[in-house]
Amino acid sequence: MDADFLVVGSGIAGLTCALRCAAAGSVLLVTKDRLPESSSQYAQGGIASVWSPEDTFESHIEDTLGAGAGLCHRDVVEVVVREGPARVRDLIALGVRFDGREDPEGWAYDLGQEGGHSQRRILHALDATGHEIIRALSEAVRAAPHVRILENHLAVDLLLDRSSEPATCWGAYVLDRATSAVHRTVARATFLCAGGAGKVYLYTSNPDVATGDGIAMAYRAGAPVANMEFIQFHPTCLYHPQAKSFLLTEALRGEGAVLRRPDGERFMDRYDPRAELAPRDIVARAIDNEMKVHGWESVYLDISHRDPAWIRTRFPTVYERCLTFGFDLTKGPVPVVPAAHYCCGGVVTDLEGRTALPRLYACGENACTGLHGANRLASNSLLEALVFASRASAHACAAIARDRATPPSIRPWDPGAATDSDEAVVVTQNWDEIRRFMWNYVGIVRSDRRLSRARERIALLQEEIRQYYWHVLLTSDLAELRNIAAVAECIITCAQQRRESRGLHYTIDHPSPDPGWARDTVIRRGPDGVADVARVVGG
Ligand SMILES: Cc1cc2nc3c(=O)[nH]c(=O)nc-3n(C[C@H](O)[C@H](O)[C@H](O)COP(=O)(O)OP(=O)(O)OC[C@H]3O[C@@H](n4cnc5c(N)ncnc54)[C@H](O)[C@@H]3O)c2cc1C
């Protein structure tokens, strides 16, 4: 046994699991880049939680259900919202410093408000909340006894005992990126905390690590995956060739920023009476339409009418970052495009974060808990990750305490006849192709025909990748390519099933919601474990 607990990923979910499980046994945390590198680290807006006396759990619950367009699981929403404040207090106890000011009764937190929230309930640390949370969690995990951290290690596939149905998970094969060795890593409980899948799309706000590895691994292992058609596109990422993935927070529009065409004219009021304050899926669709109809490469976001000193103080990160690319937020509009931002679907889990595979948990963005339904309410994702990482860890710690099972003998990684690749171009070519056709055919606006085209493309590429995969020595690029292809397949399959428009899934062939479709789209890989044809297994 390499550890009692194997944690894959070091965002808010993975670090929380590692910290909590360290009290009950040995923890091995593997993360494919440096420890802080994650979407969590780049979260700007903040974390939603009922905090002020004017706010209520009922109000946060109703806001979440409203955003989810009929697909949220009410029991899950109740749990996340009601446990939220306690989990946020845990962060504060760890040393996370949320913004506020001294008042006679102590520290009065500054609560932000974002689209879809009817109350001020977003705790934040300026516009770099994720950075502050990951700083405190990383320090705590590094100081915790019994936690071994392996940076630059990428989990490739789960270790499965297939003598039971469903298979039992006993850890993962892990690639050491420095040596290219693949280690069989055995653990009593495995936590998939590998984050989202924004890199499946050409434009994304996500960092490079977001290649949907957790979802792909679980899908290959036969675990049900759900609601992958619900990809949230953030309306405003900075458009600049070098500004890969830089997001301009929604709070800018909350504070009065407006969207303009290249000729300076505003356009949002033609799409929604709330104009720039419409929900982000409406804003993203409007920008996408303006760009496609006129052939523009971007539109523009403008907050330059506000006081320059206030802009610099309220949005220091965004201001500084824009400046490095030659755009001064205080002086004029900056070019923006929509970008894939958040994956509402993922590995199906229950209220304890358990997947359908014994000994396998999934937490954070790679899980589908039932909280978000068809659309995520802003700032609910950090909260969800925190609450479920805590619940899953508590469950796993209790289970491990009474666990006497010995792991089955699992074969070491077998490179077979694989040789060094002399055709790395296969990886870059397929990588670019998938991301581009996913953007064009399975993006913000979909149609039956575009989805069929995407389905044909992904089938061909999957076959090519499969052949290549087993003939060359494994690299992290190849593992990631295989994962974005698997996730693309899941998104296309789910999108083809849902013949209506709901929440984040919009198709011109079925533009309205259909009450008969008020249910999750659950898919699972074929039972032979080889075929990549997804079967629809649930309603
Ligand atoms: C720019 C941006 C701003 C956001 N702002 C907000 C916000 O204000 N509020 C909010 O609630 N949400 C926000 N979100 C969403 C939120 O940040 C994420 O949903 C959340 O942080 C996900 O946490 P996580 O722990 O599940 O995954 P992540 O934080 O993405 O962590 C995943 C980890 O897994 C590792 N990993 C991935 N694959 C492997 C593998 N195969 N092997 C080993 N390690 C692996 C990664 O390196 C990383 O460490 C934002 C997202 C982005 C991108």
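Atoms within a ligand are numbered from 1 in the order they appear, just like the ligands themselves.
Checked against a 3.5 angstrom limit, the closest N/O atoms of Ser39 and ligand 1 fall inside it. Backbone and side-chain nitrogen or oxygen atoms of Val209 are examined, and none is located within less than 3.5 angstrom of a nitrogen or oxygen of ligand 1. The distance criterion of under 3.5 Å between nitrogen or oxygen atoms is met by Thr31 with respect to ligand 1. Polar contact with ligand 1: present for Gly45 (N/O pair, distance under 3.5 Å). For ligand 1, the polar-atom distance check against Glu365 finds a nitrogen or oxygen pair separated by under 3.5 Å. On a distance-only criterion, Leu382 and ligand 1 share at least one N/O pair closer than 3.5 Å. Taking only nitrogen or oxygen atoms, main chain and side chain alike, Glu37 reaches within less than 3.5 Å of ligand 1. Checked against a 3.5 angstrom limit, the closest N/O atoms of Ala155 and ligand 1 fall inside it.
At least one heavy atom of Ser379 sits under 4.0 Å from some atom of ligand 1.
With salt bridges taken as basic N to acidic carboxylate O contacts below 4.0 Å, one links Arg87 and Asp90. Ion pairing between a basic and an acidic side chain is recognised when a charged N comes within 4.0 Å of a carboxylate O; Glu37 and Lys32 show no such pairing.
Nearest non-hydrogen protein atom to atom 24 (P) of ligand 1 is Ser40 OG, 4.0 Å. The single protein non-hydrogen atom nearest to atom 12 (N) of ligand 1 is Ser381 OG, 2.8 Å, given as residue, atom name and distance.
In this structure, His73 places its NE2 atom where more than 12 heavy-atom neighbours from other residues, nucleotides or ligands lie under 6.0 Å away. Other residues, nucleotides and ligands contribute over 12 non-hydrogen atoms within 6.0 Å of the CZ atom of Arg82.
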